[in-house]
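The block underneath contains the structure these notes are about, expressed in structure tokens.
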There are 2 protein chains.
Amino acid sequence: MLPFFGHEKVSIDSNGRVKLSPRFASDFREYGNGNGQIVLFCLPEGGLAVYPEEIFLQMRRAEAHPAERAAESLLQRRKMRLSGAMTHSDSISNQGRITIPHFLREHTGLHPNIQSVMVGVEIGLEIWTLETWASEFGKARNHANEKGELEMASDLYCSKKINKGDEKL
Amino acid sequence: MLPFFGHEKVSIDSNGRVKLSPRFASDFREYGNGNGQIVLFCLPEGGLAVYPEEIFLQMRRAEAHPAERAAESLLQRRKMRLSGAMTHSDSISNQGRITIPHFLREHTGLHPNIQSVMVGVEIGLEIWTLETWASEFGKARNHANEKGELEMASDLYCSKKINKGDEKL
DNA sequence: ATTTTTAGTCCATTTTATTCCATTATGCTC
DNA sequence: GAGCATAATGGAATAAAATGGACTAAAAAT
């Protein structure tokens, strides 16, 4: 079974918690020592990312000597400020629930009693409100379509080039 | 659990003290021998940095041979003057509170009875007034967003460039 | 149709936040 | 130098909120 694929509607309960589907819950259990350690963070695009802690650490492994670099670099401080401010470390509850902390509700629109969608993204999950998901999905698809058209066009130009080259001979 | 992540609103009491959330308090306890030794200093951007003493020492360690260099360098003397003047060593009280010294209130705007925000920055905390945080966060996020848009545009531009190159042939 | 799984709601317990008060320290005036 | 006044620190208590768990209803699968 491929982990973290598919998407499904979920609702956020009155306490700001979401329940994972059995499928996604077991995907998380396969990481780490099965303790369900996860990391939540707000994506710049407006969704909420939910990754196994192991995956998150892989993503950030590049950063060496953060303290020394922060001392002398504004860029480094701002990077850490953004990722620090928008990230939350947590674990999945015994009942398979995730509590979305307040500060992440603000920026993602994932408030209590909101309908939302849980999307598998191969290395973890993303949670979006129905509206932001529609918008983001549209953008991603448009970009892919545009690039596809460019590829098709490029394929024709290549053939034309060959013909032109032949003409000159 | 990853330390020093997330952010939350805090208020400064009438005596100029802030209370740490249990999460952040325990993050500090994990450093040193659990004595809660911290270092406060004013960031160039206007926030108040709160780091475990250990982390602060790492940051300063980057400066090699300070005595020798101070003897012959005005630049070095001024650097040390700035960081010396803007830094305060303290510890976390039994109730998890930090008193902000007067000279740091001036430069950060963190006066008694002010609403502020406590931000985890991976190696420690930062405290900002709501206004300065909104401004600083905006700058950091705009930079990141702009970079993201450039990446998307660049992805299309590469395809276009190939086509244009073909046209000229 | 029955049984098992899942989602949602509600309640109890624990944790956390805020406010207020008491004690101690510091500084100023007489 | 003594006493008073003001500020600071530490601590406790009360109120609010969040967490975890259980129960019920509904849906799905056998």
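In the text below, chain A, chain B and the rest are named by the order of the sequence lines, each starting its count at 1.
In this structure S11(A) satisfies the side-chain contact (heavy atoms from CB on, under 4.5 Å) test together with Q115(A), sequence neighbours excluded. Partners of F4(B) by ring pair (Phe, Tyr, Trp, His ring centres under 6.0 Å), not counting sequence neighbours, listed by chain and number: F28(B). With sequence neighbours left out, F41(B) forms a ring pair (Phe, Tyr, Trp, His ring centres under 6.0 Å) with Y51(B), F56(B). Every residue two or more places apart in sequence or in another chain that forms a side-chain hydrogen bond (donor to acceptor under 3.5 Å, both in side chains) with E122(B) is listed here: R60(A), S83(A). With sequence neighbours excluded, the residues that form a side-chain hydrogen bond (donor to acceptor under 3.5 Å, both in side chains) with T132(B) are T129(B).
Residue E68(B) qualifies as enclosed at atom CD: its count of foreign heavy atoms under 6.0 Å is above 12.
In this structure, D13(B) reaches neither bases nor backbone, as no heavy-atom distance under 4.0 Å exists between it and the strands shown.
Between H102(B) atom NE2 and dT26(C) atom P the separation is 14 Å, expressed in whole Å. dC11(C) atom P lies 14 Å from atom CZ of R17(A), rounded to whole Å. Between the P atom of dC10(C) and the CG atom of N113(A) lies a distance of 11 Å, rounded to the nearest Å. With rounding to whole Å, N15(B) atom CG is found 16 Å from dA25(C) atom P.
Contacts classified as salt bridge (charged side-chain N to carboxylate O under 4.0 Å, His left out) and involving residues 75-88 of chain A (residues at least two apart or in different chains) are given here: R77(A)-E45(B), R78(A)-E136(B), R81(A)-E45(B), R81(A)-E126(B), R81(A)-E136(B).
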Any N/O pairs under 3.5 Å between the protein and nucleotides 14-18 of chain C? List them or say none.
none

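For DNA chain D, the outermost nucleotides in 5' to 3' order that have an atom under 4.0 Å from a heavy atom of chain B are dA8(D) to dA12(D).
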Please list, one pair per line, the donor and acceptor atoms closer than 3.5 Å that link side chains of residues 99-114 of chain B to other protein atoms, with sequence neighbours excluded.
{"from": "H102(B)", "atom 1": "NE2", "to": "R105(B)", "atom 2": "NH1", "distance (Å)": "3.4"}
{"from": "R105(B)", "atom 1": "NE", "to": "I100(B)", "atom 2": "O", "distance (Å)": "2.7"}
{"from": "R105(B)", "atom 1": "NH2", "to": "N15(B)", "atom 2": "O", "distance (Å)": "3.4"}
{"from": "R105(B)", "atom 1": "NH2", "to": "I100(B)", "atom 2": "O", "distance (Å)": "2.9"}
{"from": "H107(B)", "atom 1": "ND1", "to": "F103(B)", "atom 2": "O", "distance (Å)": "3.1"}
{"from": "T108(B)", "atom 1": "OG1", "to": "L104(B)", "atom 2": "O", "distance (Å)": "2.5"}
{"from": "T108(B)", "atom 1": "OG1", "to": "L110(B)", "atom 2": "N", "distance (Å)": "3.4"}

